[in-house]
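What follows is a set of notes on a single structure, which appears directly below.
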Amino acid sequence: MNKKILITGGAGFIGSNFIHYLLKNTDYEILNLDALTYAGNLENLRNVKDDKRYGFIKCDIRIKDDLKKVFAENEFYGVINFAAESHVDRSILEPAVFIDTNVKGTLNLLQMSLEARVSRFLQISTDEVYGELENAEDKPFTENSQIKPNSPYAASKAASDLLALSFMRTYKMDVIVTRCSNNYGPYQFPEKLIPLIIYKALKNEKLPVYGDGLNVRDWIHVDDHSKGVLLAFEKGESGSVYNIGSRNEKKNIDLVKEILSMLNRSENLIEFVKDRPGHDRRYAINPSKIEKELGFFSEHDFTKSLKETIEWYKNNSPWVEDCTSGAYMEYYEKNYKHKMEGE
Ligand code: NAD
Ligand code: TYD
């Protein structure tokens, strides 16, 4: 019988890409558990919904009794926890839900996994737990860098990442943590920089660039992230943390201009707006450990993959319209206006 893995948050951006990746590259059975918040969309998985190795259950990791039922009805070889509130801007406006899902929800999953004696628990974390690098000369984060999160999102991810590691030390549970840099690719909700810029530029709308636009992010294609997660899940040393990254730093303003040039749109669309409070200046990740120990390397050329991502958004306008309508958009427009008006 094939081993069964519980993937939480599998209807979101990275989780759904990871499920596609697993079905293509492994013979695992998958149960996708997702609460389907504004960021979760089963359309992301329409191509695989009839695959015999794939199943879905709507469930909220904040509700322990519901999780209990899922663990009682299934025998999981492993758990990979992608489920999270994931947007820094939202965490500034509404931090409480980030603690409920990212911290308490992860604790529920850890406790259920411990009781069920799953063979391995992998917590998906982020480079944002390390805080920021202030200067261009500062060395990229390693796994030994200080944990020093700055936004409520990053603090909630740091708490869940450290909680997972504490289960290793305290209960001898088999835990791995991966910390990845900024992802891009298909199915990313258009609240994050790259899809937001693509969709607004396609509509010739103003493009909000926070502050002076000189903040730096380290971009990795989502399939390279999936590759690193699978390697860590299958071959990682129990109790280890692995950074995943592509050594691909870009200033926000340069990235926005690159997208505009690929779309053949004017740079006049760019509008510098009020900065994000607490905005981290620079992230950069050193992936040497996963490269040396597990043979990881990223395969995607940024320029080529960014072009493909743009094409994906052009060809999937109904998906984008679906994301950007309704209650979510009301929230977004309110937040956006607030920035444009510089309140
Ligand atoms: P996303 O917001 O696109 O997806 C999150 C998914 O989790 C959604 O499907 C949502 O419905 C689900 N979810 C939210 N709350 C839930 C709950 N209480 N119970 C069950 N499901 C719930 O996020 P993403 O960008 O795909 O990020 C996935 C994971 O990767 C997160 O843990 C995030 O912190 C981490 N990460 C993201 C990036 C990035 O660049 N996006 C980089 C590094 C790490
Ligand atoms: P984002 O995609 O929200 O990811 P994160 O904050 O988790 O790195 O933002 C990436 C960078 O782009 C970050 O420096 C903030 C900036 N940004 C803008 O300038 N304008 C925007 O509208 C958004 C969403 C982000």
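One-based numbering along the sequence shown. Indexing begins at 1, ligand by ligand and atom by atom, following the structure's order.
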So for ligand 2, is [X] a polar contact partner (N or O within less than 3.5 Å, distance only)?
| X | value |
| --- | --- |
| Asn252 | yes |
| Tyr210 | yes |
| Lys192 | no |
| Glu191 | no |

Can you report which non-hydrogen protein atom sits closest to [atom], along with the distance?
| atom | answer |
| --- | --- |
| atom 2 (O) of ligand 1 | Ser86 OG, 2.7 Å |
| atom 11 (O) of ligand 1 | Asp34 OD1, 2.6 Å |
| atom 35 (C) of ligand 1 | Ile124 CG2, 3.7 Å |
| atom 28 (C) of ligand 1 | Phe82 O, 3.5 Å |
| atom 25 (O) of ligand 1 | Phe13 CD2, 3.7 Å |

On a heavy-atom basis, I'd like to know which of [options] is closest to [atom].
| atom | options | result |
| --- | --- | --- |
| atom 7 (O) of ligand 1 | Ala39, Gly40, Ala84 | Ala84 |
| atom 37 (C) of ligand 1 | Ile14, Asp100, Thr126 | Ile14 |
| atom 22 (C) of ligand 1 | Cys59, Ala83, Gly12 | Ala83 |
| atom 3 (O) of ligand 2 | Arg276, Arg90, Glu128, Lys200 | Arg276 |
| atom 10 (C) of ligand 2 | Thr126, Val256, Leu193 | Leu193 |
| atom 20 (C) of ligand 1 | Ala35, Ser160, Gly10 | Ala35 |

Practice prompt. Mark the output for Ser125 as yes if a heavy-atom distance to ligand 1 is under 4.0 Å, and as no if none is.
Written response: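 True for this residue.
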List ligand 2 atoms under 4.0 Å from [X], heavy atoms only on the residue side.
| X | answer |
| --- | --- |
| Val88 | 6 (O), 7 (O) |
| Val209 | 19 (O) |
| His279 | 13 (C), 14 (O), 15 (C) |
| Pro208 | 18 (C), 19 (O), 20 (N), 21 (C), 22 (O) |
| His87 | 3 (O) |

Salt bridge or not for [X] and [Y], using N-O below 4.0 Å?
| X | Y | value |
| --- | --- | --- |
| Asp161 | Arg179 | yes |
| Lys157 | Asp127 | no |
| Glu73 | Lys69 | no |
| Glu291 | Arg247 | yes |

Is the backbone of [Y] close enough, under 3.5 Å, to the side chain of [X] for a donor and an acceptor to pair up by distance?
| X | Y | value |
| --- | --- | --- |
| Asn243 | Phe141 | yes |
| Lys289 | Val241 | yes |
| Asp60 | Ala35 | no |
| Asn44 | Gly40 | no |
| Lys206 | Asn268 | yes |
| Asn17 | Pro186 | yes |
| His225 | His221 | no |

Ligand 1-proximal atoms of [X], by part, heavy-atom distance under 4.0 Å:
| X | answer |
| --- | --- |
| Leu36 | backbone |
| Lys157 | side chain |
| Tyr153 | side chain |

Worksheet entry | Partner of Arg217 under side-chain contact (heavy atoms from CB on, under 4.5 Å), chosen from Ile194, Asn252, Leu193 |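 Result for side-chain contact (heavy atoms from CB on, under 4.5 Å) with Arg217: Asn252.
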With nothing but distance in play, are any N or O atoms of [X] less than 3.5 Å from an N or O of ligand 1?
| X | result |
| --- | --- |
| Thr101 | yes |
| Asn182 | no |
| Glu85 | no |
| Cys180 | no |
| Asp60 | yes |

Item to complete: Verify side-chain contact (heavy atoms from CB on, under 4.5 Å) between Glu29 and Lys52, making sure each step is shown before the conclusion.
Response: CA-CA 8 Å; Glu29 256 187 59; Lys52 287 195 178 65; over 6 Å; no
Worksheet item: For the ring pair Phe71 and Phe76, is the centre-to-centre distance below 6.0 Å?
Response: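 Yes, they do, as the ring centres are separated by less than 6.0 Å.
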Worksheet item: Does Phe82 have its ring centroid less than 6.0 Å away from the ring centroid of Phe18?
Response: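 Aromatic pair counts; centres sit under 6.0 Å.
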Worksheet item: Yes or no on side-chain contact (heavy atoms from CB on, under 4.5 Å) for Tyr242 and Val177, after CA distance, side-chain angles and deciding distance?
Response: CA-CA 6 Å; Tyr242 294 97; Val177 171; over 6 Å; no
Worksheet entry | Arg265 side chain to Asn204 side chain, donor-acceptor N/O pair below 3.5 angstrom |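 Looking only at side-chain atoms, Asn204 and Arg265 do form a donor-acceptor pair, the distance falling under 3.5 Å.
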Practice prompt. For the pair Trp219 and Tyr184, name the ring-plane relationship: parallel under 30°, tilted 30 to 60°, perpendicular over 60°.
Written response: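 If you compare the ring of Trp219 with that of Tyr184, the planes turn out perpendicular.
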Worksheet item: Under 4.0 angstrom from ligand 2, any heavy atom of Tyr283?
Response: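 So Tyr283 counts as touching ligand 2.
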Discussion item. Heavy-atom pairs closer than 4.0 Å: do any link ligand 2 to the side chain of Leu196, the backbone, both, or neither?
Written reply: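 For Leu196, the contact with ligand 2 is made by the side chain alone.
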Worksheet entry | Per-residue contact class, Asn182 against ligand 2 - non-hydrogen pairs under 4.0 Å |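 For Asn182, the contact with ligand 2 is made by the side chain alone.
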